[in-house]
Structure formats: structure tokens, C-alpha cells
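Predicted, not measured: the structure shown is a model, and the values here were computed from it.
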Amino acid sequence: MGPPLPPSGLTQFRSGRACQFAARFGKVAPQSPIAAGFHMPLGSPTPPDWLAAPQRRGLAVVLLLAYAWLFPYSEQINNPNEFVRIYMARAIVDHHTYAIGRREAVPGGGFADRGSVMQEWGYVNDKALMCNDPRQKPPDCAGALYPAKAPGMSLLGVVPYWLQKQVFALRGAPLSKPAIVWWLRLCCVVLPSVAGAYLLILHLTRRLRRPELGLGVGLAAALGSLSLTYGQMFAGHQPAGLALLFAYLAGARTATTAEGTGTGRRWVVLAGLGIGLATLIEFPAAPAGLLLAGWLLLRRRRWSDLLWLALGGLGPALALAHFDTVAFGAPWQLPYSHLENPEFVKDMAPGFMGIALPTKEKLAGSLVSPFTGLYFWAPWAALGWLGVLAARRTVDTSGLWATRRGEALIAWIICLYFLFFQTTHALWRGGWVVGPRYITAIVPFAALAAAHGLDSLRGVWQSSARIIFSVGSIVAIVFAGAATAVCQGFPLEVWNPLNEVAQPLIAHGFIWSSPLYWLGTSALVGALPYFAALATGMVAVAGTMNPFSEKSNLFRMVTTLCLLGAGLAMAAVLWRLQPPVPRAGNDQRSTVRYLMQTWWPQAPRGSKPLPAEPVQNH
């Protein structure tokens, strides 16, 4: 079972006066019995919460401020990644159809997109076209237009949009486009993201021998990753990851179920529901869902669980089959076979559905580049590779999959799948992005793998890993926080979005609106609660990851401040990275100027325009 552990680093760190506000999140309830051993088999009782009730409430406030305070919105850009999904939610409620419009032939040749939501809200990209004549192929044909996406987010948005529409109708008030976007994001993405991060942290603090690691890793995942950006967008990347996390947590709960009861089967059904929802929301999540299903079968060793998994996934499967049949003629027909944009068809042509062998460009770009690299935007995620260490056999005699060793290993394997998908896909750049958006769902599993890996280390290895994780997490929170405050995605021509786009936007006062902004403050002042939540998260991560738990209070406080300083210094260095090949000075300025010109509803209060380009005489 292992020797007794030293006192929690955060338990002792909380006595440092300079960091009491952040350390309050680590004030512990009585020591969890999880600390007695890592390999708890199936049927073990659920341990008590490590975080006391006041600290859990404080954690919820920090997560809500980070995810719900700002309102990223640019009506002129009309982000197709989320708007094409909102179009279909509106089409279902307002017009009782999946189609967001129709492509019709016009006299004199050519086609025009009309009808349904397309006519009301205008052009949007990322569409699929089902030709009226089966002998024709998009885009040169007449037919119905649908989102070229999995239908899950649109279907999830139907009930919230219907309720909002009824409320506004009772009030006799017009329902604006920004109001619809804000409400659908809040119901379907923002609040689920807050709940997912909260549950992940509680799960880790209950599962690990060193519960403080769960708080630090969970905050890094919530505030310093792709989740922060895509957790504020009505797109499928983040919700698909949350659905997979829901399935994982349901599967892990079977470990606390006594044999011979129906409770275990209910958790299996819920796991099947999570897998089905993930697939309904984002098709690339399906292989990860199959991995989770396989893990659950190996964990419980009951073939009857196949039936309960299928029962849980039946609803999403029927919804997907209905959409595909109505829109494209058969349950197995997907939007990818009917892409309306010829450029997307060309991009998806190599390999099988765009999947081909990785190249140096894809590997470097997807993992370490400033424009898309996972480990540039979230350096802490690189420690997810440690997850395989937690699967090592020890004195424990239980089977691999029936213990937390299996929980760590499946999280690590799912990370491998998402990395494979990103580095082999033809569209690995992902268009306008903050990081590799296609694998946003990797975040909770990278956190799970990293947490279990850190928890399995001993001595100087764990101390070193905690320091590295702390510095990498602070870098990630700075990067994700700055990018999310000004942009939903950076154009392809930008090499380092932080110094080329985010820095001038923030310096000139261009930050998304907030409740305080709508009460009359400047955008920068209005965003202070958001930045305060991120700063609190950084201090809490540095405190929980401080490896010097047996030193004096003063020493622990000083070393925590040193970790903060090291993380901020590293962020400053990476922030200033320049492209290897110098470019014309106006490349990024033109992008910044365009984003300023498309700000909604106008240039924010207190902002300054970008100086005009100097006129060069020839």
C-alpha cells in the first residue's frame, strides 16, 4: 500500500499570508483515505471530498468568471464553426426543417442561396449541399443546404432556443442575433464547461494519493488550454470532450459500486450516453468513445455490459440516423460526402477522409509551433506522457483495468489517438484557430494522464515534474487567457498570434465586452474580474505544485513566488518568438486592423485605433 505521505503541499502552503486568497481553495477537509493507497479495486467505497464546501464554492466562482464573464462576438466575421450550427437550431424551431436554406438556379445561369435562416442571417461557410438531381455533385447544383457538421450541437440548442423565443415573445421584445448566440453558448457550452472542470477536479482529488495534485492539474486544464477558448463558443470541440469525460467519469464510478446491485449498470448506461453524445456532436470523437467502451468492458469483465452501453447510446444513435436519412438519404451518409465548398473537398481529398501519414510539417506545426502547437499553447500537456508510468505493475495484485492503473492508461491511450488524428489530418491547420482546435477533446484526458503520472513519481523525480508542470501551467494560462480575451481564432497568415495580434489588440483596449462594460466601463476595466480569476488560478497552481511541503512557511511562500516568476518569465520569452523567416512589417498589422474594424457593435469604449501605415515615397 505504500508508506504514509507527507502533509499536503497546499495544506502547509496555505499558511503563507501573501497567497491566502488563492490558497483558500486548498483548505482541506479531513485527510482522504485515498492517501493510503493508489490501487483501489472495484467495490471500494467513495472517499470523502478533499476540498471543503467553502473552497468548492470559491472554485466554482473562479471557473464561472473565467468562462462566463466575457462575451466573444464578432458579427461581421460570422464564425462558421459555430454559426452554421446555430443556423440549424433556428431552422428546426422556426421552420421545422434541418435545412438552413436552399441553393436555387437563377435566370441567366448560376445559383443563389435562399430561404430559411440563410435568407435572414446571410452567408455562412461550412455547409453541405444535397443536390436535387442525384447525378449532379456540389457545388454546381440546386438543392437543400445543411451544416457540414455532426448535428449534435444544433439538436442540443433546440430546447434552449425555443425557451428563449417564448420568453421574448411574452415580453413582446425582438430577439437579436447576439442574444441568441449568448444564450445558446451559456446553456450548451459555458455552463457544461464549468461543470466539467469542476467534476474533473473533484474526481482527481478523490482518486489521487496526493489530492492537491488534482486541484493543480484540474485548474491548469480549465484555465490554461484549448478548453478556455472553445468553452466559450457554440462549436462541437469542447462539448464532445465533455461528453467523453462524462463517459469516463461514469466508467470510473463503477469502481465504487458494490457487486450485485443495479447501480453499476446505471453507470454503464450513462457511459454509453456520453459516448453516443460525443459522436453525435463531433464525428472524430467516435474512436475515443470506442476506446472508452473497450476499457469499461475490460474493467468489469461482463459481456452483458455491451447491452447497457448500447442502451445508453441508443438515443444519440437514432438522432444521428434520422438527421442523415432526412438530409442525405441514408443513415450511413455523412455531410462530408456532400461538402459545398470546393476548397474543402480538395483539402479532404488526400488519404482516407483526409487522414494520411504524418509529415514533419504536421508534427512540428501540431505540437510545438506558435500558430497551432499543442505544447506551445499548453506546455503542461506534455506531461500527459507520464500517464503510462501510472500503469506500471506494483505490489498490487489486482488486474490492470480494474484499478486506477487502468484509468490512467486509458486516458493516456485516448491522448495518443487524438495526437494521431491531429498529426495525420489534411486540415491539421484548422483555419482560424487558437491552438489545434480539432483535438480540444484531448484536454481532460491529458489532465487525467498527467495527474496520475505525477502521482506515481517519487522523490526528486516528482519534485522536478511538479516544478516543470507549474511553470508550464502558468505559461498556458497566460497564453490562453490573453488569446481568449481578444479573438476566437487567428488567421492562417499569423505565425505567433500572441505578439502579432493579441498584444496590439490588448494594448489598444480591444477586449471582448463584459457585464461591467455594458454598465459603462472601458473594455479593459470590464475584463478585470476575468483576469483576476486567471491570476487566482495561476497562484493556486503554483501553490499546489510547490514540492517543498516540508519546509518553513516563509520558504514555501518564497518558492511559490519563484514558481510564479519563472512561469511568467518563460511566458514572456515564448510570447516574443519571431518567425524564422522575416516578413513584411504590415503582415500582422493588416490582420489587427481588420479585427479592429469588425469589432462588435463598435470599437470598444476606451480603445485606441491602430496608427495609420506610414506612406512610403518611391
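Arg437 places a side-chain N or O within 3.5 Å of a backbone atom of Gly430 that can act as its donor or acceptor partner. No side-chain donor-acceptor contact under 3.5 Å links Thr440 to the backbone of Leu226. A donor-acceptor pair is defined here as one N or O able to donate and one able to accept, closer than 3.5 Å; such a pair exists between the side chain of Tyr530 and the backbone of Gly481.
Residues Val181 and Glu75 fail the side-chain proximity criterion, which asks for heavy atoms closer than 4.5 Å. Side-chain contact check for Leu273 versus Pro316: some heavy-atom pair is nearer than 4.5 Å. Two residues are said to be in side-chain contact when any heavy atoms from C-beta on lie closer than 4.5 Å; Thr229 and Val433 fail this criterion. Under the 4.5 Å side-chain criterion, counting only non-hydrogen atoms from C-beta, Val106 is not in contact with Phe111. Counting only heavy atoms from C-beta outward, the side chains of Leu498 and Phe376 approach each other to under 4.5 Å. The side-chain heavy atoms of Pro72 and Arg185, taken from C-beta on, include a pair separated by under 4.5 Å. In this structure, Pro287 and Phe421 have side chains that are not in contact, with every pair of non-hydrogen atoms separated by 4.5 Å or more. Contact of the Ile281 side chain with the Leu156 side chain is registered, since non-hydrogen atoms from C-beta on lie closer than 4.5 Å.
Atoms CD and OH, from Gln488 and Tyr230 in turn, are 9.0 Å apart once rounded to the nearest 0.5 Å. In this structure, the separation between CD1 on Ile439 and CG on Leu374 is 5.0 Å, given to the nearest 0.5 Å. In this structure, CZ in Phe246 is found 9.5 Å from CG in Leu199, a value given to the nearest 0.5 Å. One distance of note links CH2 of Trp303 with CG of Leu297; it measures 6.5 Å at 0.5 Å rounding. Rounding to the nearest 0.5 Å gives a distance of 6.5 Å between CG of Leu184 and CD of Gln164. How far CZ of Arg265 is from CG of Asp305: 9.0 Å, rounded to the nearest 0.5 Å.
A 6.0 Å sphere centred on CD of Glu361 holds no more than 12 heavy atoms belonging to other residues, nucleotides or ligands.
Aromatic pair Trp599/Trp512: ring centres closer than 6.0 Å. Ring centroids of Tyr248 and Trp295 are separated by less than 6.0 Å, placing the two rings close together. Phe283 has its ring centre less than 6.0 Å from the ring centre of Tyr336.
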task = Determine, stepwise, if the pair Leu311 / Leu307 fulfils side-chain contact (heavy atoms from CB on, under 4.5 Å).
result = CA-CA 6 Å; Leu311 180 63; Leu307 173 63; 5.6 Å; no

request  = Walk me through it: do Ser366 and Thr372 pass the test side chain to side chain donor-acceptor pair (under 3.5 Å)?
outcome  = CA-CA 5 Å; Ser366 298; Thr372 323; over 6 Å; no

inquiry  = Determine whether Ile413 and Val388 satisfy the following criterion, side-chain contact (heavy atoms from CB on, under 4.5 Å), listing intermediate values before the conclusion.
reply    = CA-CA 9 Å; Ile413 292 173; Val388 71; over 6 Å; no

request  = Using the side-chain contact (heavy atoms from CB on, under 4.5 Å) rule, take Leu534 and Leu228 through it: C-alpha gap first, then chi angles, then the decisive distance, then the call.
outcome  = CA-CA 11 Å; Leu534 299 183; Leu228 186 63; 4.2 Å; yes

message = Using the rule given for side-chain contact (heavy atoms from CB on, under 4.5 Å), can you reason through Ser513 versus Tyr73, listing the C-alpha separation, both sets of side-chain angles and the distance that settles it, and then say yes or no?
response = CA-CA 8 Å; Ser513 62; Tyr73 184 76; over 6 Å; no

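None of Tyr123, Tyr161, Trp121 except one satisfies the ring-ring contact (aromatic ring centres under 6.0 Å, His included) rule with Tyr87; the exception is Trp121. Each of Gln119, Arg102, Arg103 was evaluated against Asp113; a single residue qualifies, Arg103, per the side-chain hydrogen bond (donor to acceptor under 3.5 Å, both in side chains) test. The side-chain hydrogen bond (donor to acceptor under 3.5 Å, both in side chains) with Ser227 is formed by just one residue from the set Gln238, His237, Gln232; it is Gln238.
A pairwise comparison of heavy atoms in Pro80 and Val124 identifies CA-CG2, 3.8 Å as the closest pair. The two residues Ala66 and Leu223 make their nearest non-hydrogen contact at CB-CD2, 3.5 Å. Contact between Ala476 and Gly224 at its shortest, heavy atoms only, is CB-O, 3.1 Å. Smallest separation of non-hydrogen atoms from Ile442 and Cys415: CD1-O, 3.7 Å. Taking both residues in full, the closest heavy atoms of Gly431 and Leu492 are given as O-CD2, 3.5 Å, listed atom of the first, atom of the second, then distance. Residues Glu82 and Phe234 approach most closely at OE1-N, 2.7 Å, considering heavy atoms.
Under 3.5 Å, the side chains of Thr254 and Arg299 contain a donor-acceptor pair of N or O atoms.
Judged as a salt bridge (Lys or Arg N to Asp or Glu O under 4.0 Å), and not counting sequence neighbours, the contacts of Lys165 are Asp94.
Cation-pi geometry between Lys177 and Phe83 is satisfied (NZ or CZ under 6.0 Å from the ring centre, within 45° of the ring normal).
In this structure, Glu282 pairs ionically with Arg85, as a charged nitrogen and a carboxylate oxygen lie closer than 4.0 Å.
Taking the six-membered ring where the residue is Trp, Phe323 and Tyr146 present perpendicular rings, their angle passing 60° and hence far from 30°. Using a 30° and 60° split on the angle between ring planes, Trp412 and Trp385 fall in the perpendicular class, above 60°.
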